[in-house]
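Some notes on the structure that comes next.
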Amino acid sequence: QVQLVESGGGLVQPGGSLRLSCAASGRTFSYYAMAWFRQAPGKEREFVAAIHRSGSSTMYAESVKGRFTASRDNAKNTIYLQMNSLKPEDTAVYCCAGSRKYSTSRDDYDYWGQGTQVTVST
């Protein structure tokens, strides 16, 4: 089993930056593709970014391309989401997730963190 714990959320002004981290348990972390999803109150969970198990490939939602960067450090069992040029519409609970598949679909992800709140506001 894999447990995921996110951190790094908080309140930031529009145009600001945050870096989210997701620490994973387990000794097979490098076997998993990882992703970030987000969900605002009353909204559906949406894909944000995914990173291949090797870290060599990434996928992003169109809404965050050019602003967000996913990365991973398999030696530390950790993935990151660097978020720059943040907008109010980025406000959501951000969750990390693990999958055997490199995918943008939430249904492909087997393991989920508890989420960390990101609020972008003046």
Side-chain angles (χ1 to χ4, degrees):
Q1 300 297 313
V2 176
Q3 295 190 56
L4 306 172
V5 180
E6 302 94 336
S7 62
L11 175 64
V12 64
Q13 294 184 358
S17 297
L18 284 173
R19 191 190 194 205
L20 305 183
S21 299
C22 173
S25 66
R27 301 176 69 180
T28 58
F29 173 76
S30 63
Y31 294 168
Y32 289 87
M34 300 292 293
W36 293 94
F37 293 81
R38 67 187 182 187
Q39 187 169 24
K43 305 292 185 180
E44 293 184 346
R45 186 184 304 161
E46 66 174 348
F47 169 78
V48 177
I51 185 163
H52 188 267
R53 63 188 182 188
S54 69
S56 63
S57 297
T58 52
M59 299 185 290
Y60 299 96
E62 188 67 28
S63 60
V64 307
K65 282 182 179 177
R67 301 188 297 120
F68 291 10
T69 303
S71 61
R72 70 190 296 163
D73 186 341
N74 286 349
K76 295 182 178 180
N77 281 9
T78 302
I79 65 166
Y80 306 94
L81 185 67
Q82 178 66 47
M83 304 185 295
N84 299 326
S85 301
L86 282 160
K87 305 174 180 179
E89 51 263 45
D90 295 318
T91 296
V93 174
Y94 285 70
C95 296
C96 64
S99 175
R100 298 184 304 276
K101 299 179 179 179
Y102 183 43
S103 172
T104 63
S105 173
R106 63 177 182 256
D107 292 338
D108 287 328
Y109 286 81
D110 302 312
Y111 304 102
W112 293 84
Q114 84 290 345
T116 186
Q117 177 71 46
V118 172
T119 302
V120 185
S121 177
T122 58

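Just so you know, these numbers use all the heavy atoms, side chains as well, and skip hydrogens, waters and symmetry mates. A quick note: this is a predicted structure, and the numbers were derived from the prediction, not measured.
Hydrophobic clustering (side-chain heavy atoms under 4.5 Å, transitive across Ile, Leu, Val, Met, Phe, Trp, Tyr) groups Tyr102 together with Trp112.
Residue pairs meeting the disulfide (SG to SG under 2.5 Å) criterion with at least one member in residues 39-88: none, sequence neighbours excluded. Judged as a salt bridge (Lys or Arg N to Asp or Glu O under 4.0 Å), the pairs with a partner in residues 110-122 (not counting sequence neighbours) are, in order, Arg100-Asp110. Screening residues 45-81 for disulfide (SG to SG under 2.5 Å), with sequence neighbours left out, gives no hits. Applying the disulfide (SG to SG under 2.5 Å) test to residues at least two apart or on different chains, the pairs with a partner in residues 88-122 are Cys22-Cys96. For residues 57-66, the salt bridge (Lys or Arg N to Asp or Glu O under 4.0 Å) pairs, not counting sequence neighbours, are Glu62-Lys65.
Residues passing the side chain to side chain contact (heavy atoms under 4.5 Å, CB included) test with Ser85 are Arg67, sequence neighbours excluded. Shown here are the salt bridge (Lys or Arg N to Asp or Glu O under 4.0 Å) partners of Lys101, two or more places apart in sequence or in another chain: Asp108. The salt bridge (Lys or Arg N to Asp or Glu O under 4.0 Å) check on Arg45 picks up nothing, with sequence neighbours excluded. Residues satisfying the side chain to side chain contact (heavy atoms under 4.5 Å, CB included) test with Gln3, not counting sequence neighbours, are Ser25. A search for salt bridge (Lys or Arg N to Asp or Glu O under 4.0 Å) contacts involving Arg38 returns Glu46, Asp90, not counting sequence neighbours. Thr122 is linked by a side chain to side chain contact (heavy atoms under 4.5 Å, CB included) to Pro14, counting only residues two or more places apart in sequence or in another chain.
Proximity of Thr116 to Ser7: side-chain heavy atoms (C-beta onward) are nowhere separated by under 4.5 Å. Proximity of Gln117 to Thr91: side-chain heavy atoms (C-beta onward) are separated by under 4.5 Å at one or more points.
Of the possible polar contacts, one joining the Gln114 side chain to the Glu6 backbone as a donor-acceptor pair under 3.5 Å is found. For the pair Tyr109 (side chain) and Ala33 (backbone), a donor-acceptor distance under 3.5 Å is absent.
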Handout entry: Arg53 and Arg72: CA distance, side-chain angles, deciding distance, side-chain contact (heavy atoms from CB on, under 4.5 Å) verdict
Key = CA-CA 9 Å; Arg53 63 188 182 188; Arg72 70 190 296 163; 4.2 Å; yes
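Heavy-atom minimum distance, Ala50 versus Ser103: CB-O, 3.7 Å. Taking every heavy atom of both residues into account, Asn74 and Ser30 meet most closely at ND2-CB, 3.6 Å.
Clustering of Ile, Leu, Val, Met, Phe, Trp and Tyr by side-chain heavy atoms under 4.5 Å joins Val118 with Val2, Leu4, Val12, Leu18, Leu20, Phe29, Tyr31, Tyr32, Met34, Trp36, Val48, Ile51, Tyr60, Val64, Phe68, Ile79, Leu81, Met83, Leu86, Tyr94, Tyr111, Val120.
A 6.0 Å sphere centred on CD of Glu44 holds no more than 12 heavy atoms belonging to other residues, nucleotides or ligands.
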